[in-house]
There are 2 protein chains.
Amino acid sequence: MAATMQDVARLAGVSVKTVSNVVNGYPHIRPGTRDRVLAAIEELGYQLNLTARNLRTGRTGIIGLAVPELSLPYFAELADSVIDAAEECGLTVLIEQHGGRREREIEVLTGARRHLTDGLIYSPLGLGPGDEHLLDVGYPLVLLGERIFHGPVDHVTMANVDAAAAATRHLLALGRRRIAVVGVHPGEVVGSAALRLAGYRAALEEAGIAPDPALEGEAGLWHRATGAAAMARLLDDGAAPDAVFGMNDALALGAMHELQVRGLRVPEDVAVIGFDAIDEGRYSNPTLTTVDPGREVIAETAVRLLHERTSGAGAGEPQRVVAAYRIDVGGSTDPSRRTASPEPGETTTPVPDDVEVPSTR
Amino acid sequence: MAATMQDVARLAGVSVKTVSNVVNGYPHIRPGTRDRVLAAIEELGYQLNLTARNLRTGRTGIIGLAVPELSLPYFAELADSVIDAAEECGLTVLIEQHGGRREREIEVLTGARRHLTDGLIYSPLGLGPGDEHLLDVGYPLVLLGERIFHGPVDHVTMANVDAAAAATRHLLALGRRRIAVVGVHPGEVVGSAALRLAGYRAALEEAGIAPDPALEGEAGLWHRATGAAAMARLLDDGAAPDAVFGMNDALALGAMHELQVRGLRVPEDVAVIGFDAIDEGRYSNPTLTTVDPGREVIAETAVRLLHERTSGAGAGEPQRVVAAYRIDVGGSTDPSRRTASPEPGETTTPVPDDVEVPSTR
DNA sequence: TTGTATGCGTTATCAA
DNA sequence: TTGATAACGCATACAA
């Protein structure tokens, strides 16, 4: 069996408390004592039992990360960044997939696994107005990617409306007028889909173009496949767009694929822009113009906020952090950059979304 | 504070043992008693403290999954599948990234986090011959993707040599003769890179072609970027290939991108085949011909094996499972399928790699 | 069928 | 600076 503190204490001729002190770096220990303990630890190959410590301290050193799916490249890359950032703080990450299914999203918030984690970084898709109370959980929670809740939780978000408008303006600046959007969640009033749609429409109206429902393509989960399917429906319905805004890169790449299946040239016939700046878009053909929402900053900020809540400086006003974004121009909107890496544009100072959010009280 | 079993027992007028029995689904309980307990649980909002149970039982219900990085799409999709498979067994997954760095890979095996998990699904890159003893850990371990160790651990692997040879033969069958390979790890004698290289060379020799070192492109981590860089070096050095075998899809897509940057046509000038069958290759331009190694089967098998070891039927001979593979033909080798989804070929009965592996004793 | 009592390995409280 | 001892919340022999 594995050695315990008792064994170490016995071998070193000290009490368990002293071993504990050594293990935890308590400073006031006589050097000789410490050495004896360290030697005993070495000899026995002792390793601290984290479970026992967790039970005793009530903390686990594990944080949860709840995302729709890891097969969505944005969330895979986000998870990568979160794990690295957590490592820096000595934290471990437990990933949960909820698939964007509302009941799973709720389950994640209250499930038994929350006993295993000190806090949660939470990226829901299915929650909406009226769900604020669900976020009133008894543990530190950092909400990601949305701006929908007024609840007492930290937010790390991006300027969805503003960035989506900027993406649309980029297409308008190319002279495109029939700009489709892919990824719409009908009926949604908050969440990335609704906010990005709002930005898209705002930019169109700003340019004197009336949003056309025939150009708004629905897609539940933001996969390549759903992007391609939405694009196919738009084309079949005769929408005849000259540009497409994919609400994320996977959708955009799926849409681009479908355009190419139909023999349409990107960007000459139809320009395409995405959102997320995943690595994949740097190697697609053509390379993908996209909105870079600052994924790493978002991950690091979320971990930092959670870490602050879980360790010590617990209380305090809920924070809201809005990450800066920029547009990276690739070949899917600029024929001269067909195979060139997307060129970072200017970083835009974050402008928090100011869409009217329905209140529930 | 959160309610404990004590609280529930008091409210229900029973002992903690009874509450425990109810919670754990012990069958021999009088219905009336059970109802009272359930009511008390409901009223108090009681939730089992997993940490306490873990300490008591010595099991956590968590399994570890150690991969290079989640930003590598294959591992992101693998993690997705593993998490889903684990969910089926009531297990939670703790993901660790080791980045293919040897010292991190070793650390993962022995680190304190192993106290939090019942077992580990382990996908190393940096370990090799002479490291078998490192795998002699005191907990259930399932090794993934390799065939390199004779240690007493379960393996779930693929027929790397055979599949790589099949991929190369596919290119040969197109009439290609100067077939490059990308992803070589020089000096490696085991591991995916070495095995796939062996398969590649074997297929060439079988066709009467002498392997040419000038056509073997090195790439440490199998990213799109390293694939592109390796391709660039080969082209700069005048290798002038008419086909490329990417040891994984990310490499292949990176290489394909670099070819397109240079104005070479895929597949007309250079055909490209990858390995992994990630979703991305179904939407690339052209779509990517690839070896489908049966990722889901691998994930499910690994989880099942680990679950068997951790729960009950612990001991028994180390298992070796070799997943079946097949080749999916897309546009990167068949111009008539430029934008078509890769077409599944015949599934090949797994032939375990039979490369001579240096023994260390 | 249910209750009592003990211990899992640690940290924390107090005293020495 | 260190030691003895009591929790932390649960599962489980053993008793009833």
Side-chain angles (χ1 to χ4, degrees), chain A residues 1-38 40-41 44-62 112-118 138-139 311-312, chain B residues 1-38 40-41 44-62 112-118 138-139 311-312:
Chain A
M1 279 316 299
T4 75
M5 270 193 184
Q6 294 284 356
D7 303 326
V8 175
R10 193 159 29 236
L11 183 60
V14 299
S15 78
V16 283
K17 172 61 175 157
T18 303
V19 178
S20 175
N21 283 338
V22 170
V23 167
N24 291 291
Y26 180 72
H28 306 293
I29 299 179
R30 201 170 297 161
T33 310
R34 186 199 313 275
D35 291 346
R36 279 213 312 287
V37 171
L38 256 32
I41 288 177
L44 294 174
Y46 166 77
Q47 279 199 321
L48 181 67
N49 183 322
L50 287 178
T51 302
R53 168 188 277 180
N54 296 347
L55 175 58
R56 181 58 231 215
T57 62
R59 302 187 49 245
T60 64
I62 306 178
R113 272 177 207 156
R114 292 286 72 77
H115 281 283
L116 291 172
T117 58
D118 296 335
Y139 54 83
S311 64
Chain B
M1 278 317 299
T4 76
M5 268 193 185
Q6 292 286 355
D7 303 327
V8 175
R10 193 158 29 233
L11 182 59
V14 299
S15 77
V16 284
K17 168 68 162 119
T18 303
V19 178
S20 176
N21 283 340
V22 170
V23 168
N24 291 294
Y26 180 73
H28 306 294
I29 300 178
R30 198 170 301 162
T33 311
R34 187 200 309 276
D35 291 346
R36 280 215 310 289
V37 171
L38 259 29
I41 288 176
L44 294 173
Y46 166 79
Q47 278 200 319
L48 182 67
N49 182 323
L50 286 178
T51 303
R53 168 190 278 178
N54 296 347
L55 177 59
R56 178 59 227 230
T57 62
R59 302 187 49 245
T60 65
I62 307 179
R113 270 175 206 157
R114 293 287 72 75
H115 281 284
L116 291 173
T117 57
D118 296 335
Y139 54 84
S311 64

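Given the structure is predicted, the values throughout are model-derived calculations rather than measurements. Here is how names work: the chains are called A, B, and so on, in the same order as the sequence lines, proteins then strands, and each is numbered from 1.
- In this structure, Leu55(B) and Thr18(B) both approach DNA chain C, and ranking their closest nucleotides by distance from the 5' end singles out Thr18(B).
- If you check every strand for non-hydrogen atoms under 4.0 Å, Thr51(A) touches nothing.
- Per the geometry, CG belonging to Leu116(B) stands 14 Å off C1' belonging to dG9(C), to the nearest Å.
- Residues Ile62(A) and Asn54(A) fail the side-chain proximity criterion, which asks for heavy atoms closer than 4.5 Å.
- By the side-chain hydrogen bond (donor to acceptor under 3.5 Å, both in side chains) test, Asp118(B) is found to be paired with Thr60(B), residues two or more places apart in sequence or in another chain being considered.
- Atom pair Asn54(B):CG and dG9(D):P shows a separation of 14 Å (rounding to whole Å applied).
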All N/O contacts under 3.5 Å from nucleotides 10-13 of chain D to the protein, with atom names and distances to one decimal?
residue: dC10(D); atom: OP1; partner: Tyr46(B); partner atom: OH; Å: 2.6
residue: dC10(D); atom: OP1; partner: Asn49(B); partner atom: N; Å: 3.0
residue: dC10(D); atom: OP2; partner: Met5(B); partner atom: N; Å: 2.7
residue: dA11(D); atom: OP1; partner: Arg53(B); partner atom: NE; Å: 2.6
residue: dA11(D); atom: OP1; partner: Arg53(B); partner atom: NH2; Å: 3.2
residue: dA11(D); atom: OP2; partner: Ser20(B); partner atom: OG; Å: 3.0
residue: dA11(D); atom: OP2; partner: Asn24(B); partner atom: ND2; Å: 3.4
residue: dA11(D); atom: N3; partner: Arg56(B); partner atom: NH1; Å: 2.6

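- Counting only heavy atoms from C-beta outward, the side chains of Val14(B) and Val22(B) never approach each other to under 4.5 Å.
- Between His28(A) atom NE2 and dA16(C) atom C1' the separation is 18 Å, expressed in whole Å.
- Taken from CZ in Arg36(B) to OG1 in Thr18(B), the straight-line distance is 9.0 Å, to the nearest 0.5 Å.
- In this structure, the side chains of Thr4(B) and Asp7(B) come closer than 4.5 Å at one or more pairs of heavy atoms.
- Of the options Asn49(B), Leu55(B), Leu48(B), a side chain to side chain contact (heavy atoms under 4.5 Å, CB included) to Thr51(B) is made by Asn49(B) and by none of the others.
- Distance CZ (Arg36(B)) to C1' (dT2(C)): 11 Å, rounded to an integer number of Å.
- When the P atom of dG9(D) is taken as reference, atom CZ of Arg59(A) falls 16 Å away, rounded to whole Å.
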